[in-house]
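Owing to the predicted nature of the structure, the values given are computational and were not obtained by experimental measurement.
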Amino acid sequence: MRGQKPKVSNVIPMKGDLAAPVPEAPDWMSAEGRDVWERLAPVLVAKKRLEPAFEDPFAVYCEAVADVIRFTGDIAAFGSWYEVETRNGRQQKKRAVWGQRQDAIAVMNQLAARFGLTPVDEARVRVTGQGDLFDEILKTLDGAD
């Protein structure tokens, strides 16, 4: 190729190459929640699923993920149950953190579905619809004349 090499400033990016800016995590989020935001927000922005109106629910999802991680660490350190002596003998009781983790998992799963963060939900979000059901009927009617 003859001539001067093109400069990057002269190259016009193609429409698909333009990257949307990734919003900053809200100030009220925990450090662990921010880590989840920084990991997943670019993915959702690339898929056009993180509009400004959806940032707060996504922040809640990130906090739920952070809670699951934190509660799982507590369970690993202290166990998921403890024993008590009752009039009926020794009984095992679940620790409160076990229930907290279950609640955080439920919130995480519910919000993950809304953002298409599981394979099944990804497929549901990507579905473009059925199209126009009458197109096929009209084509057969036009051909019947």
inquiry  = Could you walk me through whether Phe58 and Leu50 satisfy the side chain to side chain contact (heavy atoms under 4.5 Å, CB included) test, starting with their C-alpha distance in whole Å, then the side-chain angles of each, then the deciding distance to 0.1 Å, before giving a yes or no?
reply    = CA-CA 8 Å; Phe58 181 64; Leu50 190 56; 3.7 Å; yes
task = Flag the pair Ile69 / Val65 as yes when at least one side-chain heavy-atom distance between them is below 4.5 Å, and no otherwise.
result = yes
note = CG (Asn109) and CG (Asp121) are apart, to the nearest 0.5 Å, by 9.0 Å
ask   = Once you round to the nearest 0.5 Å, how far does CD of Gln92 lie from CD of Glu83?
value = 5.0 Å
task = Say whether Leu111 and Val120 are linked into one hydrophobic cluster, either directly or through other cluster members, by side-chain heavy-atom distances under 4.5 angstrom.
result = no
query = Considering residues, nucleotides and ligands other than Asp27, do more than 12 of their heavy atoms fall under 6.0 Å from its CG?
reply = no
query = What orientation do Phe54 and Phe115 show, parallel under 30°, tilted 30 to 60°, or perpendicular over 60°?
reply = perpendicular
ask   = Does Val84 belong to the same Ile/Leu/Val/Met/Phe/Trp/Tyr cluster as Phe78, with side-chain heavy atoms less than 4.5 Å apart forming each link?
value = no
note = Nearest heavy-atom contact between Ala66 and Ser30 is CB-OG, 4.5 Å
Atom pair SG/CG of Cys62 and Asp67 - distance to nearest 0.5 Å = 11.5 Å
task = Check salt bridge (charged side-chain N to carboxylate O under 4.0 Å, His left out) between Arg49 and all other residues, then give those that pass, not counting sequence neighbours.
result = Glu122
query = In Å, rounded to the nearest 0.5 Å, how long is the span from CD of Glu55 to CD of Glu24?
reply = 10.0 Å
task = Indicate yes or no for a side-chain donor-acceptor contact from Glu63 to the backbone of Met29 under 3.5 Å, with no hydrogens or angles considered.
result = no
ask   = Counting N and O atoms only, with roles assigned by atom type, does the side chain of Trp37 sit under 3.5 Å from a partner on the main chain of Pro23, one being a donor and the other an acceptor?
value = yes
message = According to salt bridge (Lys or Arg N to Asp or Glu O under 4.0 Å), does anything in residues 93-110 pair up with another residue at least two apart or in another chain? List the pairs.
response = none
ask   = Looking only at atom types and distance, does a side-chain atom of Arg124 sit under 3.5 Å from a main-chain N or O of Arg114, one as donor and one as acceptor?
value = no
key: Minimum heavy-atom distance between Pro21 and Val45, given as atom pair plus value   = O-CG1, 3.9 Å
message = Would you say that more than 12 heavy atoms from the other residues, nucleotides or ligands in this model lie under 6.0 Å from the CD of Gln91, or not?
response = yes
Value rounded to 0.5 Å, distance of CG in Leu40 from CG in Leu117 = 6.5 Å
key: Check against side chain to side chain contact (heavy atoms under 4.5 Å, CB included), Trp81 and Trp98   = CA-CA 8 Å; Trp81 55 273; Trp98 189 88; over 6 Å; no
inquiry  = Going by the rule side-chain contact (heavy atoms from CB on, under 4.5 Å), which residues pair with Ala64 if we only count those two or more places apart in sequence or in a different chain?
reply    = Val107, Met108
